[in-house]
Amino acid sequence: MSRFRIGLGWDVHRTAAGRPLVLGGVRIEADFGLEGHSDADVLAHAVTDAILGAAALGDIGMHFPDTDPAWKDASSERFLVHAVELARRQGYRLTHVDATVVLERPKLAAYRQAIRENLARMLGIDVGNVSVKFKTAERMGPVGEGRTAEAQAVVTLEAD
Ligand code: C5P
Ligand code: MG
């Protein structure tokens, strides 16, 4: 068993009027939100997939199918917590997260600390081990035109 494992996650959601914008479990002030089940937390979903990927445990849809009543409309926090627990059962603990949210507007930098702290709390790691970055798409493509939001995440797991 490798001592260290790296996982990669990516997600995209459409923007929609009248929906909440939630990133890393933090409600962001905006005149639009993201479509999807429950909170459509694109950042939390990318981090969940990165954790599952590092542990070679498939992907978010495999573990949390929205056809299963147990997971339908479940909060993204439950996905994160469960992914950490699944990795732990494989003998790995989460040591570090680095993520990028790609969203044209609003500016998110003022939320960075709150998002880092909330992700750290949900994941059970120190805030110093959680990095969150923000990028626009320079007004190009679906993100740049404000039609979607994307998130990418990399995590490291270390064997116990
Ligand atoms: O995409 P761009 O390189 O122009 O982003 C410059 C900076 O603006 C980023 O490094 C980030 O600090 C900030 N930003 C932000 N919220 C966004 C996009 C970018 O705070 N939605
Ligand atoms: Mg998603």
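Worth knowing before you read on, the calculation uses all heavy atoms, side chains too, and leaves out hydrogens, waters and symmetry mates. One-based numbering, in listed order, for ligands and for the atoms of each. Please read all numbers here as calculations on a predicted model, not as lab measurements.
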Say whether His96 and Asp98, considering side chains only, have a donor N or O and an acceptor N or O under 3.5 Å apart.
-> no
What is the nearest protein non-hydrogen atom to atom 3 (O) of ligand 1, stated with its residue, atom name and distance?
-> Lys135 NZ, 2.6 Å
Is the backbone of Leu34 close enough, under 3.5 Å, to the side chain of Arg19 for a donor and an acceptor to pair up by distance?
-> yes
Would you check if there is a donor-acceptor pair between the side chains of Thr156 and Thr95 at a distance under 3.5 Å?
-> yes
Numbering as shown, the atoms of ligand 1 that approach Glu138 to under 4.0 Å (heavy-atom distance) | 4 (O)
Parallel, tilted or perpendicular: ring planes of Trp71 versus His82, cut at 30 and 60 degrees | tilted
Determine if the distance from atom 17 (C) of ligand 1 to the closest protein heavy atom is below 4.0 Å.
-> yes
Please check if atom CZ in Arg89 has more than 12 non-hydrogen atoms from other residues, nucleotides or ligands closer than 6.0 Å.
-> yes
Which atoms from ligand 1 have a heavy atom of Leu103 less than 4.0 Å away?
-> 17 (C), 18 (C), 21 (N)
Would you say Asp11 reaches the Mg ion (ligand 2) with an N/O/S atom under 2.8 Å?
-> yes
Measure from atom 20 (O) of ligand 1 to every heavy atom in Ala149, Ala137, Ala109, Ala110 and give the option owning the shortest one.
-> Ala109
Which residue owns the protein heavy atom closest to atom 12 (O) of ligand 1, what's the atom, and how far is it?
-> Arg112 NH2, 3.8 Å
What residue and atom, counting heavy atoms only, is the protein's closest point to atom 7 (C) of ligand 1, and at what distance?
-> Phe134 O, 4.5 Å
Arg116: which of Val97, Val127, Val26 passes side-chain contact (heavy atoms from CB on, under 4.5 Å) | Val127
The Mg ion (ligand 2) to His45: nearest N/O/S atom name | ND1
